[in-house]
Amino acid sequence: MSRSLGLLLLAAPVAALAGCAATTPLAPPPEERLLVVNAGENTVSVIRIEPGVLPGKINLGPLNGAATDVAARGQIAVVTGGGSDQIVVLDLFTQQIRRTIALASGSRPAAVTMLSDAIAFVANAGLNTVTRVDLNTGDTASVDVGQYPRDLLLTRGRLFVVNANVGPCSLGLCSLGESWLTVIDPQTNSRAAGRDSIPLPSPGNARSATLGGDGLIYVVNTGDADAELAGRLSIIDPIQRAEVGSFGGFGFLPSAVTSDGSERLFVASVRDGLMEFNTRTRRVVRGAGDGILGNNIVAAAVDGQGRIYAVEVGNCAVPLVGRLRIFRADLTESRNVILGNCPVAVSFVEIPGLVTGATN
């Protein structure tokens, strides 16, 4: 037998097997979605980034009391209900409710973050606790934190809890003094070893935290407009667990902060609109009186292409819808999207692409 004929005979079965083998198509790339909580009607708007695609809307029917926050990982999203002492778990593929999970009575959950698509942490403003929730089993376990926990941030293997330190007063909620962060080990669901409390020597009423592109934590302190305490931006080193900077210039009632993942921070305010801080130069680029849109901005987010999304609240006292304003990186507006009544929180998520089938 010739060498070439032998090789041909050996190759024939291999080719036949290759022709019969099933091939699994590659999963499409993940798709970015923006989730907005509409507290006035208890829905979540699901917004595609591509223009021309109408947003979807998920009804949070079983949720009693106004929704407060949303977090998502993969196809799973979790929404907190501030007046209902429960969370709602959503499937973003089907845009349906998977389950509801009850929390302790009086929890008043204010914020949520996700360690994975199976584990969430919830800040309970009513009980001064943070609850670790297994989204598959519904099991919960809580740990004590500070006064009125209002936001959560995971970084450096630790959970940083923003304690607002506010309490009831004739105006609703008033600052009781300086705010601080509590540091939790998410694996053990207990106070972290070493320094587990980080004071924020500021006007108090800390409200929102984000991770900057430099690895530092940035916290917006709303202050107290009636006591003429203007808001400030605190900078926290998560390794040293200490405040390393504090900046004013954001007027009264700044309420939320978000990062572009590089050196730009955007601060939302109901009085001064969308403001900007540069983390590299440590400079207020747009401060009070110079914000985009001027007022009624309660939340903001930045997508993977550097576009900025500002949530305009509308009017929560009457059924008046909010609006999502979308800006290019140079802060010129590109388009806007109608939201539900009283939007209060926003979060980005990358939903994995679905594999639709295989070929033989």
Side-chain angles (χ1 to χ4, degrees), residues 32-49 51 53-72 77-84 87-88 90 92 95 97 108-113 122-123 125 150-152 172-173 207-210 220 222 253-258 266-275 291-303 307-327 333-349:
E32 203 166 27
R33 296 285 188 275
L34 187 71
L35 308 178
V36 182
V37 174
N38 304 301
E41 59 187 44
N42 274 354
T43 63
V44 172
S45 295
V46 182
I47 300 168
R48 288 177 178 266
I49 304 307
V53 182
L54 293 176
K57 190 178 281 188
I58 305 174
N59 195 307
L60 304 173
L63 191 65
N64 298 315
T68 54
D69 197 20
V70 60
V78 178
V79 183
T80 51
S84 62
I87 63 172
V88 177
L90 305 177
L92 297 176
Q95 297 198 13
I97 294 174
R108 292 170 58 198
V112 59
T113 192
V122 179
R150 184 180 261 163
D151 202 8
L152 302 165
L173 289 174
R207 185 178 292 267
S208 173
T210 193
V220 160
T222 297
L253 304 181
S255 58
V257 60
T258 190
F266 296 97
V267 177
S269 169
V270 295
R271 288 195 179 184
D272 291 287
L274 191 66
M275 297 175 282
I292 302 293
L293 299 180
N295 55 31
N296 289 334
I297 304 301
V298 294
V302 184
D303 71 15
R307 291 170 294 204
I308 302 104
Y309 299 75
V311 175
E312 196 174 56
V313 69
N315 191 329
C316 293
V318 297
L320 182 63
V321 297
R323 189 180 300 267
L324 180 70
R325 313 294 289 267
I326 305 173
F327 299 89
E333 188 169 2
S334 61
R335 62 188 175 103
N336 62 77
V337 177
I338 298 299
L339 300 171
N341 176 231
C342 193
V344 295
V346 62
S347 180
F348 265 111
V349 62

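Since the structure is predicted, the reported quantities are computational estimates derived from the model, not experimental observations. The figures here come from the full heavy-atom set of this structure, side chains too, leaving out hydrogens, waters and symmetry mates.
- By the side chain to side chain donor-acceptor pair (under 3.5 Å) test, Ser45 pairs with Asn38, sequence neighbours left out.
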Name each donor-acceptor pair under 3.5 Å that joins a side chain in residues 338-347 to protein atoms two or more places apart or in another chain, with its distance.
| residue | atom | partner | partner atom | Å |
| --- | --- | --- | --- | --- |
| Asn341 | ND2 | Asn315 | O | 3.3 |
| Asn341 | ND2 | Val318 | O | 3.2 |
| Asn341 | ND2 | Leu320 | O | 3.0 |

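- In this view, Leu173 and Tyr148, Arg150, Val166 satisfy the side chain to side chain contact (heavy atoms under 4.5 Å, CB included) rule, not counting sequence neighbours.
- For Gln95, there are no side chain to side chain donor-acceptor pair (under 3.5 Å) partners at least two apart in sequence or on another chain.
- Looking only at atom types and distance, the side chain of Asn336 has no donor-acceptor partner in the side chain of Arg325 under 3.5 Å away.
- By the side chain to side chain contact (heavy atoms under 4.5 Å, CB included) test, Thr113 is found to be paired with Phe121, Leu152, Leu154, Leu159, residues two or more places apart in sequence or in another chain being considered.
- Shown here are the side chain to side chain contact (heavy atoms under 4.5 Å, CB included) partners of Val122, two or more places apart in sequence or in another chain: Thr80, Ile87, Leu103, Pro109, Val112, Asn124, Val133.
- In this structure, the side chain to side chain contact (heavy atoms under 4.5 Å, CB included) partners of Asp303, at least two apart in sequence or on a different chain, are Glu32, Ile49, Gln305, Arg307, Tyr309, Phe348.
- Counting only distance, with no hydrogens or angles, the side chain of Asn64 and the backbone of Ser84 share no donor-acceptor pair below 3.5 Å.
- With sequence neighbours excluded, the residues forming a side chain to side chain donor-acceptor pair (under 3.5 Å) with Glu41 are Thr43, Lys57, listed by chain and number.
- Partners of Arg33 under the side chain to side chain donor-acceptor pair (under 3.5 Å) rule, at least two apart in sequence or in another chain, are Glu31.
- In this structure, Asp272 contributes its side chain and Gly291 its backbone to no donor-acceptor pair below 3.5 Å.
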